[in-house]
2 protein chains.
Amino acid sequence: MRVSDKHSKITQAAVKVFAQKGFFNARISDIAKEAKVADGTIYLYFNNKYDILISLFEDEIGKIILQVKLLLEQEDDPCRKLHIFAKQHLLLLEEKKDLAEVLQMELRQSNKFMKEYRNTKFIEYIDIISAIIHQGQDRGIFNRDISPGIAKRVIFGALDEMSRLWILDDAPHYTLAETADQVCNLFLNGLKNPASH
Amino acid sequence: MRVSDKHSKITQAAVKVFAQKGFFNARISDIAKEAKVADGTIYLYFNNKYDILISLFEDEIGKIILQVKLLLEQEDDPCRKLHIFAKQHLLLLEEKKDLAEVLQMELRQSNKFMKEYRNTKFIEYIDIISAIIHQGQDRGIFNRDISPGIAKRVIFGALDEMSRLWILDDAPHYTLAETADQVCNLFLNGLKNPASH
DNA sequence: AGTCAATATGAATAGATATTCATTTTGCTG
DNA sequence: CAGCAAAATGAATATCTATTCATATTGACT
């Protein structure tokens, strides 16, 4: 068996177990059992429990960044780019619910430990949003009064909260596509009624 | 000493300790020490460690809801109401940073255990936002295409993410007032440049 | 001052579990 | 097939900590 096989087998098992029980309640032996591996084997591939979480995060978010950037390259219009980003972000819930749950949890759960470790992968991810906004402003399509640094957080926060709703709610009231459209519409056009001006 | 004194002494200590170490890494003995109380005393006021977290959450968010609702009563315009809500939400960071940290953390960290316990206090809090949006739509000021149920989540998520940035970042780049203005402006007017139509 | 119930104490318990490491298994090479 | 290094095992270790409960303190009332 290739080395990487076991590494990724453990990672996949960890995603499943962390999603099910949360990081602190997940036991190493749970992950080992799920990965069909001895407890000790995990320590041949990871330094400790935190290390599983961190490398899981970096590996998986790295893949997502690559995929989203590839999709965005094929589109020119900033509005449609924003749509693509939102849809892709929410799509993760349908395609990889466990992973979505872990990534979301981790971002908060470990606030304390996130303070120490500079989370460059996460920053790279949300910087995709600010790049879109910058581009829109350069072209005169987006309002220049808006700070891309704040807007990227605002948009990410909004999408993340919608994800949380889906994760907690067993029977979501809205479809994924509907949600992405609503969120984008809100950010692009705002709450105000255009007819009222 | 009045009974309620000790209860709130423990709650205050728990806020401090949870903010400092996170829920899972906080020891009961840490909270007891901080509250200047014996370990066992805590169990006279709370059933277990989770119970401290839950009642802390309900008590404190209850107070915040009262305060915000009171402020909103004195304002009529939905746009300005939204401003007030945003500013008050962010103000929590300046006034009670530890509490803000715990409330935020708890909402995610305990995703797993939140699934069981219907968090009515939290729902009551974000329903303040949807009420504002409804009012705006009834008056024809806000776009009727926007779902208040989605928008309340989007707006809360955005504010919450801005809070997270402040908590993690030791030297925030934006002032609190500036942040509230930017977030509201984004939600009210949208990203699109009005001049480009 | 004495009685009693309510409060508070903190040492002891009971259980959990991350990590280590002596041993075994695997699979490659000559 | 023998020899060997790398990989894998899982029982044992070492520590940690939520919760309990027998005991002590407090303070209200007579």
Side-chain angles (χ1 to χ4, degrees), chain A residues 1-59 102 105-106 109-114 116-117, chain B residues 1-59 102 105-106 109-114 116-117:
Chain A
M1 182 178 277
R2 278 186 11 260
V3 165
S4 64
D5 273 350
K6 210 146 259 189
H7 190 281
S8 96
K9 229 174 141 185
I10 294 170
T11 301
Q12 294 317 307
V15 167
K16 202 163 171 181
V17 174
F18 286 157
Q20 216 160 77
K21 309 193 148 195
F23 177 75
F24 286 100
N25 290 319
R27 277 166 292 157
I28 290 290
S29 60
D30 290 335
I31 299 172
K33 199 176 191 179
E34 180 71 38
K36 287 179 185 138
V37 139
D39 293 18
T41 305
I42 290 180
Y43 290 88
L44 299 175
Y45 296 92
F46 300 91
N47 297 322
N48 52 47
K49 202 178 161 187
Y50 269 127
D51 190 38
I52 304 176
L53 189 65
I54 295 180
S55 54
L56 179 166
F57 187 88
E58 300 203 328
D59 291 354
V102 174
M105 177 178 86
E106 173 169 20
Q109 178 164 95
S110 335
N111 260 3
K112 298 285 97 183
F113 108 101
M114 282 291 177
E116 283 127 51
Y117 138 76
Chain B
M1 180 177 278
R2 276 188 11 264
V3 165
S4 64
D5 274 349
K6 211 146 258 189
H7 189 283
S8 96
K9 229 175 141 184
I10 294 170
T11 301
Q12 294 317 307
V15 167
K16 202 163 171 181
V17 174
F18 287 158
Q20 215 161 78
K21 308 193 149 194
F23 176 76
F24 287 100
N25 291 318
R27 277 165 293 157
I28 290 290
S29 61
D30 291 333
I31 299 172
K33 199 177 192 179
E34 179 71 38
K36 286 177 186 140
V37 138
D39 292 18
T41 305
I42 289 179
Y43 290 88
L44 299 174
Y45 296 91
F46 300 91
N47 297 322
N48 52 47
K49 202 179 162 187
Y50 269 126
D51 190 40
I52 304 175
L53 190 65
I54 294 181
S55 55
L56 179 166
F57 188 88
E58 300 203 328
D59 291 355
V102 174
M105 179 177 82
E106 173 168 18
Q109 178 165 94
S110 341
N111 260 2
K112 297 285 95 185
F113 107 101
M114 282 291 178
E116 283 127 52
Y117 139 76

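All heavy atoms count here, side chains included; hydrogens, waters and symmetry mates do not.
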Rounded interatomic separation in angstrom, taking CG from B/L44 and P from D/dA18: 17 Å
Length of the line joining A/Y43:OH and D/dT13:P, which is rounded to integer Å: 18 Å
Check against side-chain contact (heavy atoms from CB on, under 4.5 Å), A/D59 and A/H7: CA-CA 11 Å; A/D59 291 354; A/H7 190 281; 4.0 Å; yes
Phosphate contact (D/dA8 OP1 or OP2) by A/Y45 side-chain N/O below 4.0 Å: yes
Distance in angstrom units between B/K36 NZ and C/dT7 C1', rounded: 20 Å
A/F24 and B/F23 aromatic centres sub-6.0 Å: no
Check: A/T41 side chain, A/V37 main-chain N or O, donor-acceptor pair, under 3.5 Å: no
Phosphate OP1/OP2 of C/dT19: any A/K49 side-chain N/O under 4.0 Å: no
A/G40 or A/R27, whichever maps to the more 5' nucleotide of DNA chain C: A/R27
Spacing between B/D39 atom CG and C/dA8 atom P, to the nearest angstrom: 14 Å
Atom-pair distance (CD1 on B/I28; P on D/dC16), nearest Å: 17 Å
Under-4.0 Å side-chain N/O to phosphate OP1/OP2 contact, B/K6 with C/dA8: yes
Distance, rounded to the nearest Å, where B/H7 contributes NE2 and C/dA8 contributes C1': 16 Å
Whole angstrom value for the distance that separates C1' of D/dT19 from CG of B/D30: 16 Å
Distance, rounded to the nearest Å, where B/F23 contributes CZ and D/dA18 contributes C1': 11 Å
Distance test, side-chain N/O of A/T41 to OP1/OP2 of D/dT9, below 4.0 Å: yes
Between CG on residue A/D51 and CG on residue A/N48, distance to nearest 0.5 Å: 5.5 Å
